[in-house]
Every structure is written in structure tokens, then in C-alpha cells.
Amino acid sequence: MDYSFQFDSLEGYKEAYKNSVENPEQFWSKVADTFAWHKKWDKTLEWDFKTPKIEWFKGGKLNITENCLDRHLAERGNQPALIWEPNNPTHQTRTYTYKELHREVCRFANVLKNNGVQKGDRICIYMGMVPELAISLLACARLGAIHSVIFGGFSANSILDRLEDAGASFIITCDGAFRGSKVIPLKEIIDDALQTFSSIQKVIVLKHTNSPVSMVENRDIWWGDEMKKLDEKGDHFQAEIMDAEDPLYILYTSGSTGKPKGVVHSVAGYMIFTTYTFVNVFQYKPGQVFFCTADIGWVTGHSYIVYGPLSAGAISLMFEGIPTWPDAGRFWDIVDKYRVNIFYTAPTAIRSLMGFGAKPLEGKDLSSLEVLGTVGEPINIEAWEWYNQFIGKNQCPIVDTWWQTETGGILISNFAGISPSRPCWATLPLPGVQPVLINDQGKEVTEKIDGLFKGNLCMKSPWPSILRTTYGDHERFRLTYFSTYPGLYFSGDGALKDEEGNFRIIGRVDDVLNVSGHRIGTAEVENAINMCEGVVESAVVAYPHDIKGHGIYAFVILNMEKPPGQIAEEKIRDMVAEQIGHFAKPDKIQIVKGLPKTRSGKIMRRILRKIAENEVENLGDTTSLLDPEIVAEIIREKL
Ligand code: WT7
């Protein structure tokens, strides 16, 4: 494996950064040269953020799975590629070497092909964290089909929205998924979603939990039966030759308005940037065991369980279960059992484990750990210190990696052992990344407050794995990311910057919530609540939550004379679970008589946010409100 693009010192980083900004085309061509291509690209980069149009390595021909699998066979075919730890620690674990994973991916690609899947088809994947999930992604990519993974916590309604938007024609699912002590009936939920959606040709079902399922004739088929139909020839599958800019996958994510949008990533740029960032941020060395605790239902799992590590020829560990089952020592058992070297998780997981104290760590040998990482939300100092002391034993650098579904890979981070870990600071931009802080007037921030610049975090130029469009709606792509500050990509986050150019991420400045690492739009939750009988209107805001990061606070107006209290609350929570999923249920529901509105009828969320955050002394000017009295009443009845 050619890691010539791995820098190994701060000077090395600085030089790479300088080159990447002065001559991005030359810089990224050199990195791209280390990958396996059928034909090299004609033009390294073409872009404008106005149309917007972004094309990397145009004219290049390749298949990402030849980079994730085939190119490793000669040198490390018998090395583990994927290690799988099941939900139940007494069940059998599984390890796939690169050879074995290659074979399984080829076989399943043949199954897809035999069932009519073609290049460009959209395939929805709704599975638990089983190795076959990773195999499904790769099999789609080998054939050129576009996968769209839907997180196992989403409800039938959410699945239906995504199936429709993507125009999906195939589904891959499981009978059920294990999550701690629970079994989630995935196939049943898919059946629900399919009641009103008839464009699905085949549903491929993996038997995993042995939950009873109903199989629709001519539509539903078993993974195992289909694999058995293949002979040895099934072990091979000629990878489809893709254009660098062909889409690799769609992943739906929430924004501040309306329905989730399908973020589209394309083959080459995504592959190159996830590999580059994996190798540099974590300072990965061949043979190390890398454990990312994310779910493949979210982008972190796509980029840093599957594509980045496998393309780098790494050993990637995948865990089916949850951190607190059978007890709160589960992650540490896994680290001990597999001698994990690099551990990558979310602040919300750290905070929840912190609450159990040091007991779950007793007798666990964590001495294999060399590097720790966090992602998903700003990490608070208490969690950072606990992670550093109890897990890293003050010996492991902690990389705080800032990125988004839209960015495909890490954009701002420190580099393990190379640049300092600084609690709560993501610190430096990756090579090729040009962050800038913009004020509300759209100008670059030049004045410091208390020694720091503060503004809206934007990017001046494209990096290879920036999203290319939102599926089926390029105008929405333009409006969402490139219209707030023309000429710039706007992340939706606010940030601070020091004199040396280190960044500290503050969090979202738009109406997006970050609940236990799950991204949820306030508008989505409001839409769900408003579907309840008796609800007139609602407003949803975030408030700080000790474990989840954000808690969901819903202010709801009912049209009933007597507020029915608890019953209404339960109905509201059930409706949100039904429309979105259990993870989006409001933590607090306050039934109110009215909402603070401007004279033009706009809800003043700023005021509601302050109330939810308990900052009622500092509400700002409320005289312009339609009915200022309502604010006092909401505060009086606050939960
Ligand atoms: C939002 C993106 C990127 C994979 C997981 C989440 C927040 C992410 C950090 C960090 C502070 C962070 C931002 C961002 N975020 N990483 N290290 N420090 N905030 O992906 O669901 O697309 O959410 O997560 O607010 O915009 P996502």
C-alpha cells in the first residue's frame, strides 16, 4: 500500500497544506496517482460555487471496490479487513480477510445482477450492523448501483419518503436487528413502508434474528437462498468501470426546512478524500486495528468503517450492539478482546459512559490504545478530560474531527501525535480545505472579540469529497449551501478562530438539532407534531442535555378547552416516533396557549430557545411581539 501522501510531522502537514492551496490540481493529482485506475483523468478539477458545479478527476475511470479490495489481495489478502463483534458477546464473532471479503462482495454482486440490478439503479439498504451491510454497500458499488442506506432507527414513514425521493427499485434488509436486549423487526417495518409504494422489484432479506417474517411472492427473496444458487464462478465479478464523477451513494440528512435531502457523493473524490483523511488524521499504520463505533446508517460509518479504512488496506472493526449492553463496559471489552489501537466515537457516547464511573473499566486492558477520536458534536471539557484520563490514560492523542454528511470526510481536525490535542478545539483545516468565518452581513470576520474571531463557518473552495448535488433537486443544493453567502459553501455551523488559525466549532446556527449524534430538523419534528389531532401549532427548539447534547423542547398549542395533559403528550410522542423514529421524540412538551410571534406572524424562536435554555432574564426586546404577555405566561408554566 502506497502511503506516500501520509505526512509525519507538523512541518509535513504545513507543507502539504501550502501545496494544496497554491496548486490544488497538482496536489490532488499526486494523491490520486497512488490509487488504482482503469484510465487516468483528463482534468483534475473544475468548479464554480455559483451554478454550482464541482467535478474532480473528470474522465477518470475506476471502480472504488477495486481500490478497497482487489488492490490489497496480493500484499495483504490474508490480513483481516473486517472484524465483526456481534451484539451478544456470547455469540460467534466473524472476521473477513481481504480475500474473503472480496469473495463475498463478488458473490453478492452476482446475486444483485441475477436479480436484475443494473448500473445506476437506486438500492435502499435497511439493515442492522451486520457484516452483510458492509458487503451490500460494496456489492452495489462494484456493480455501479447507487446505495442509499437508511438508519435502522427510522420509521416506515421515513423510509417511504426516502424510497420515493430516490426512486428506489430494490431493497436489502434483514428479518430483524439486535440492539442490546431489543430485537427491531426490520422486515416488518419495510412491509409497512411498502404498503403504498409499488415500484420495488425485489426485497432481499438476510436471515439474522430468526424473527418471523412474511415474504411476498415474486418480490421477497432470501439472501441465503440466492447466494446458494451460485457456483464457484460466483466468486468473481468483473467490476463495473465507473466514471470518476458517477454517483456512489445517496444519504439522506436533515436540514432546517422541509423533508430530508439526499446528499449525493461521487466515486473518485470521495474515495480519495476519505482515504487521505483516514491515513493522516488518525496516522494509521498498517496492521493497526481501527474501531469506529458509528452506525453505517450515518455518514461516519460509510466513510470510516467501510470506504476509508478498506481503501487504505486497514483492519476495520464493526460492532453490532450498543455501548451499555450487557453492561457499560462493552466498548472496553471489545478494545481489550481485539487489542484495538485506534478508537473513534461520539461525545454523546462518552458522556453516557462517564455516568457509570470507573467501575466498568475494572479488569479491562486498554493498553493497546494509541489514538482516540471524537466526532458528531462539540465535545464538552468534562467529557474530553474523562476520555483522556480514563480511556487514553493520558497517553493517547485525541483527534477532534469536524465534518458533516455533506463533506464526506473530515475537514477540520488535529493530527494524532503530530499537532496538539486541544480540548474542545477541532483545530486545523485538512490540506485542500479553506475555511473562512463570515459575519451576518456576508463579510469575512476581521475583528476579534476577547482575542478570537467568531462567525459562520464557510469554505472558499471545494475539497474532493464535497457533495455534488441533492438528489433530484439541484436547485435545492444551490439554495441550501451556496446562496446564504454567494461564492462560499456554508456549513450551517458557527465557529471561533484564534490568531494561529485554529478552529473551535460552536454548533449549528440554523434550525438543526443534534440529538445523541442524530441530526434532526426542527421543522421535521414540528410537521410530525402538527399531524396529531387537536394540535393547532407547535414550535420545536433545542436545549442543552447532559447526555444527548441537545434535548428536544416542544411548545404546542392544542385546540381543546381543557388541556388533556399527559394523554396529549403521549400522542405527540407516538406520532413523532411513527413519522420519524423513536430517537426524534421530544424530551419536553409544554402545552401553551400561544407562541411568541412578530406582527408579521413569524415565530420568535430566539425567545423560545432562551426559555428552553432557562435564560429567561435575558430575552432581549420583546416589545415588537404581537402579544408580549404570552412570553410571561410561557415562562410561568415552564417545565
Ligand atoms: C454536524 C454534522 C460528521 C459525521 C457525524 C455527523 C456537528 C460534527 C463535530 C465536531 C463539533 C461537530 C456539526 C456539523 N459536528 N463533528 N468534531 N465538533 N461539531 O454528521 O449528521 O451530518 O452532522 O455535526 O454541527 O454541522 P452530520
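Whatever order the structure lists them in is the order used to number ligands and atoms, beginning at 1.
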Legend entry - N514 and ligand 1 - part of the residue with a heavy-atom distance under 4.0 Å: side chain

Inset, instruction - Decide whether T374 and Y344 meet the rule of one side-chain donor and one side-chain acceptor closer than 3.5 Å. - result: no

Inset, instruction - Answer yes or no: is there an ion pair linking E524 with K259, defined by an N-O contact shorter than 4.0 Å? - result: no

Legend entry - Face-on cation placement of K588 at Y543 ring, 6.0 Å and 45° thresholds: yes

Legend entry - Numbered atoms of ligand 1 (with element) below 4.0 Å of T405, judged on heavy atoms: 20 (O), 21 (O), 22 (O), 27 (P)

Inset, instruction - Any atoms of ligand 1 less than 4.0 Å from a non-hydrogen atom of T401? List them with their elements. - result: 9 (C), 10 (C), 16 (N), 17 (N)

Legend entry - Heavy-atom nearest option to atom 13 (C) of ligand 1, drawn from D493, T374, D400, T300: D493

Inset, instruction - Specify side chain, backbone, both or neither for Q404, according to which of its non-hydrogen atoms lie closer than 4.0 Å to ligand 1. - result: both

Legend entry - Reported NE2-to-NE2 distance for the pair H550 and H545, which is rounded to 0.5 angstrom: 11.5 Å

Inset, instruction - Below 4.0 angstrom from a heavy atom of I505, which ligand 1 atoms are there? Numbered from 1 as shown, please. - result: 11 (C), 19 (N)

Legend entry - Sub-4.0 Å atoms of ligand 1 with respect to non-hydrogen atoms of V299: 4 (C)

Inset, instruction - Establish, from distance only, whether the side-chain atoms of T401 and S413 form a donor-acceptor pair under 3.5 Å. - result: no

Inset, instruction - Consider every N or O of G507 and every N or O of ligand 1, then say whether any pair is closer than 3.5 Å. - result: no

